[in-house]
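Numbers for residues simply follow the sequence, beginning at 1.
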Amino acid sequence: MRVASFYTRVGASGRPTALRGASSVALSFLIALAATVAVESIARGGASDVREFLTSTARPGMTTVAMLTVLMLSLDAVFGRRFLSALIVLPAVLVPAFVSNQKQHYLSDPLYPSDVLFGRQIMELLPVMVRDRPFMAVALAVGILLSVIGIALAWRFAWRHFPKLSRSSRTRSLCLGLPVIAAFASLMDYSQYSWIRDRLQVVPMMWDQKENYRSNGFVLAFIFNIPMADVAAPAGFGGQALDAIPARNYGYLSGPREKPDVIMLMSESFWDPTRLKTLKLSEDPLPNIRAAQSGYVFSPEFGGMTANVEFEALTGFSNAFLPYGSIPYQQYVRTNVPSLATFFRGEGYAARALHPFSGWFWNRNEVYKDFGFEEFRSEETMPPMEKRGIFASDDSLMKEIMQEAHGMDSPFFFFAVTLQGHGPYEADRYAKNTIDIQGHLTDADRATLATYTQGVKEADDSFKMLVDWAKKRERETIIVLWGDHLPPLGNVYMDTGYMPDQVATRKASVSVMKQEHETPLVIWSNKKGSKGDIGTISPSLLPYHLLKFAGYEHPYYTGFLGRVQKKYSVVDRYQLIARDNTPSPNWVLNPKNLDPLVRDYRYIQHDIMFGKAQTLERFFPQHAWIHNPSS
């Protein structure tokens, strides 16, 4: 308001129009500068390096200020009032910055444009967050209400009292501002060379989003991620390159004489809390899973983004070949995509997915159809289930799986995602926590870990119940279980010295990465026992180990992925990890020196998901039969 009053006084003094225009630009610049400082301080969780961001010639802080200044001046011209744009621009940048700060607190990653696609998921989980941090929730709700009222009142006041712009001034501002905005828009496509971006020393760092947001600032980094849905073809990709990829010719796909039933269980946030070596638990919370354990899954995520782990495990494709921060279920799965579901259906199986939560969550209703599942049993179509807190218990899901199996005449493939282990871990989720925890922890952290550990124990008991049931079955039954990612335990990791931060490291040595990304893996059969010595593998290699264990051969899942797993155990966007634990860090930065095997892996995935599916019939014959029965 004082800005508008100052501008009015300048105009009333009879000074030339040019001076009034200059003062308007100067005041808009100051507002943009203040907004940039506020945004960066909020998004970074402090102002320690904001000054360097704004003053360093190698950091595009002032580019952000200039962008906001031009945008505000152009919006003023559109609305015909000086400084009215501040009431639009300030909330538009400050609110996302706050959301980004909170997202980093829970999930380690900043806010991406694609996050708006699952805003409904966040709303659905709000009751849990409110219970976990009630005072902050109340303060936030009051703050939102007061902010909305304040903006509405400010807008009313501004429309009545802020200086009007003449038609000629508005025309001049738009003629100057719109070309500049168009020039800044050219910065968005990080995959193309930009002369302007080069002159401004703006360097998109899509391979390292944390550094991208730190170096380029929240506004620019967010803009860079807007074109994320447009996945560029990898260098050298084309028909000849696809034809050159060797595919083993199995003739008619071979398989076991007696087809086993298969149950894949992705256990929400399932991890081994005994790895916190500075603590002592009164008993082992996962004795049954530990006894059957085959190895570990190297999760590409931490604390959330379950759908990305699920995507790899069901398709055999890798998130490492997709833009950082993307969510295939939300952005890329829009048509039929080969998966284990289509493989098993091609072998005469019934294929069902089960998850005791809303079907729209992570777009599963649509994705499971595209993956070839015949049926998806969600919260909407399942019977009422026993709860742990607000989440369905693992016991109730196991009982539902067993009930579904009893009605099956043909062999079946069930894929189930549990829910009980979902965080945050409120102290009163269970009537009693049966495992005592000794060691240095605050009362709040001890309560969090006790709740989580009790959930692990119940997940282990549920696994035993399913195994005991399977042991009594005549048909071979294979159970695959793994955790999708480490749990979000807040300060527990730091208090115990397990990790330096609340969230996992994205780039580190192999030993550190495994410590912060490994979850237990079981591949077990009621006829063969456990498959052992798998080691640590990416979720994308699970189809290989499952089908080999079941006795199947397949051009992609055992053929091509078989070649991959002989050389690499982990395919991660930050480093490849060979079978002997030799790392290849930052491999995405050297496409010319990329291992031809990894290059072909990427080619096949891009062809199936974004190309013409030229490799479909060679590598995924069941999928071609199911969706093109006349071919």
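- A donor and an acceptor atom, one from each side chain of Thr418 and Glu268, are nowhere located under 3.5 Å apart.
- Ser299 OG to Phe270 CZ: the interatomic distance, rounded to the nearest 0.5 Å, is 14.0 Å.
- Between Met494 atom CE and Leu489 atom CG the span is 11.0 Å, to the nearest 0.5 Å.
- Between the side chain of Ser294 and the backbone N or O of Ile523 there is at least one donor-acceptor pair closer than 3.5 Å.
- Judged by distance alone, the side chain of Glu516 and the main-chain N or O of Met499 form no donor-acceptor pair under 3.5 Å.
- Side-chain atoms of Thr306 and Asn308, non-hydrogen and from C-beta on, never get closer than 4.5 Å to each other.
- Rounded to the nearest 0.5 angstrom, Met398 CE and Ile401 CD1 are separated by 4.5 Å.
- Inspection of the Asp261 and Thr477 side chains reveals no N or O donor paired with an N or O acceptor under 3.5 Å.
- For Phe414 and Phe412, the gap between ring centers is short of 6.0 Å.
- A salt bridge does not link Glu386 to Lys399: none of the charged nitrogens lies less than 4.0 Å from a carboxylate oxygen.
- Looking at Thr342, its side chain never comes within 3.5 Å of a backbone N or O of Pro338 through a donor-acceptor pair.
- One side chain, Thr442 or Asp445, offers a donor N or O that lies under 3.5 Å from an acceptor on the other.
- Between Tyr452 and Trp271, the angle of the ring planes lies from 30° to 60°, which puts this pair in the tilted group.
- To the nearest 0.5 Å, atoms CE (Met385) and CG (Asp395) are separated by 10.0 Å.
- A salt bridge does not link Asp436 with Lys280: every distance from a Lys NZ or Arg NE/NH1/NH2 to an Asp or Glu carboxylate oxygen is 4.0 Å or more.
- Ring orientation note: the planes of Phe311 and Phe317 are tilted relative to one another, at an angle of 30° to 60°.
- With hydrogens and angles disregarded, no donor-acceptor distance shorter than 3.5 Å links the side chain of Tyr425 to the backbone of Ala450.
- Side chain of Gln502 to main chain of Pro488: no donor-acceptor pair is present (N/O by atom type, distance under 3.5 Å, no hydrogens or angles).
- Ring centroid separation for the pair His517 and Phe302 does not come in under the 6.0 Å cut-off.
- Between Tyr556 and Phe560, the angle of the ring planes stays under 30°, which puts this pair in the parallel group of the 30/60° scheme.
- The pair Glu476-Lys527 does not count as a salt bridge, with every side-chain nitrogen at least 4.0 angstrom from each carboxylate oxygen.
- Of the inter-residue distances, the one linking His554 atom NE2 with Leu561 atom CG reads 9.5 Å to the nearest 0.5 angstrom.
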Test log, rule side-chain hydrogen bond (donor to acceptor under 3.5 Å, both in side chains), inputs Lys514 and Asn581: CA-CA 10 Å; Lys514 285 188 174 183; Asn581 279 334; 2.6 Å; yes
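- A donor-acceptor pair under 3.5 Å links the side-chain atoms of Arg429 to the main chain of Gln420, judged by distance alone.
- Distance alone, capped at 3.5 Å, places no donor-acceptor pair between the Asp394 side chain and the Ser462 backbone.
- Of all heavy-atom pairs between Tyr601 and Gly316, the closest is OH-O, 2.8 Å.
- In terms of heavy-atom proximity, Tyr557 sits nearest to Leu314 at OH-O, 4.2 Å.
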task: With side chain to side chain contact (heavy atoms under 4.5 Å, CB included) as the test, would you mind laying out the steps for Val564 and Leu541 before giving the verdict?
output: CA-CA 8 Å; Val564 173; Leu541 295 178; 4.1 Å; yes
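- Lys464 and Asp460 are not joined by a salt bridge, as no carboxylate oxygen comes within less than 4.0 angstrom of a charged side-chain nitrogen.
- Judged purely by distance below 3.5 Å, without hydrogens or angles, the side chains of Ser509 and Ser511 pair a donor atom with an acceptor atom.
- Residue Pro539 comes nearest to Pro543 through the heavy atom pair O-CD, 3.7 Å, listed as atom of the first residue, atom of the second, then distance.
- Here the OH-OG distance, from Tyr544 to Ser538, works out to 15.0 Å after rounding to the nearest 0.5 Å.
- Panel note: side chain Arg573, backbone Pro300; no donor-acceptor pair is recorded below 3.5 Å.
- Using a 4.5 Å heavy-atom cutoff, the side chains of Ser525 and Phe549 are in contact.
- For the pair Lys457 and Asp461, the salt-bridge criterion is met [side-chain N within less than 4.0 Å of a carboxylate O].
- Side chain to side chain, Glu310 and Tyr329 meet the donor-acceptor criterion of an N or O pair below 3.5 Å.
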query: After noting the C-alpha distance and the side-chain angles of Trp482 and Gln293, does the key distance pass the side chain to side chain contact (heavy atoms under 4.5 Å, CB included) rule?
result: CA-CA 9 Å; Trp482 77 99; Gln293 190 167 342; over 6 Å; no
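- Enclosure of atom NZ in Lys528 by more than 12 non-hydrogen atoms of other residues, nucleotides or ligands within 6.0 angstrom is indicated.
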task: Carefully, step by step, assess Gln565 and Arg579 under the rule side chain to side chain contact (heavy atoms under 4.5 Å, CB included).
output: CA-CA 8 Å; Gln565 67 85 33; Arg579 290 287 294 271; 3.2 Å; yes
field: Residue pair Phe413, Met264: steps toward the side chain to side chain contact (heavy atoms under 4.5 Å, CB included) verdict
entry: CA-CA 8 Å; Phe413 168 62; Met264 288 187 80; 3.7 Å; yes
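- Between Ser269 and Gly421, the shortest heavy-atom contact is CB-O, 3.5 Å.
- Between Asn433 and Thr453, every side-chain heavy-atom pair lies at or beyond the 4.5 Å cut-off.
- Although no hydrogens or angles enter the test, the distance criterion places no donor-acceptor pair under 3.5 Å between the side chain of Glu426 and the main chain of Asp428.
- The pair Asp272-Arg290 counts as a salt bridge, with a side-chain nitrogen and a carboxylate oxygen less than 4.0 angstrom apart.
- A heavy-atom distance below 4.5 Å is found between the side chains of Pro356 and Leu419.
- Side-chain polar atoms of Arg388 and Gln454 form no donor-acceptor pair below 3.5 angstrom.
- Checked options Leu265, Val522, Leu521; the residue passing with Val480 is Leu521 (criterion: side-chain contact (heavy atoms from CB on, under 4.5 Å)).
- Taking the side chain as every heavy atom from C-beta outward, Leu449 and Leu279 approach each other to under 4.5 Å.
- Taking all atoms of both residues into account, the shortest heavy-atom contact from Pro487 to Tyr493 is O-OH, 2.6 Å.
- Using a 4.5 Å heavy-atom cutoff, the side chains of Phe463 and Leu466 are not in contact.
- A donor-acceptor pair under 3.5 Å links the side-chain atoms of Trp587 to the main chain of Asp572, judged by distance alone.
- Using a 4.5 Å heavy-atom threshold, the side chains of Glu375 and Tyr368 count as separate.
- The aromatic rings of Phe415 and Phe373 sit tilted relative to each other, their planes meeting at an angle between 30° and 60°.
- Residues Val309 and Met266 are in side-chain contact: their nearest non-hydrogen atoms beyond the backbone lie under 4.5 Å apart.
- Judged purely by distance below 3.5 Å, without hydrogens or angles, the side chains of Gln605 and Ser318 never pair a donor atom with an acceptor atom.
- Under 3.5 Å, the side chains of Asn586 and Gln575 contain no donor-acceptor pair of N or O atoms.
- No more than 12 heavy atoms of other residues, nucleotides or ligands shown are found within 6.0 angstrom of CG on Asp533.
- The aromatic ring centroids of Tyr213 and Phe222 lie 6.0 Å or more from each other.
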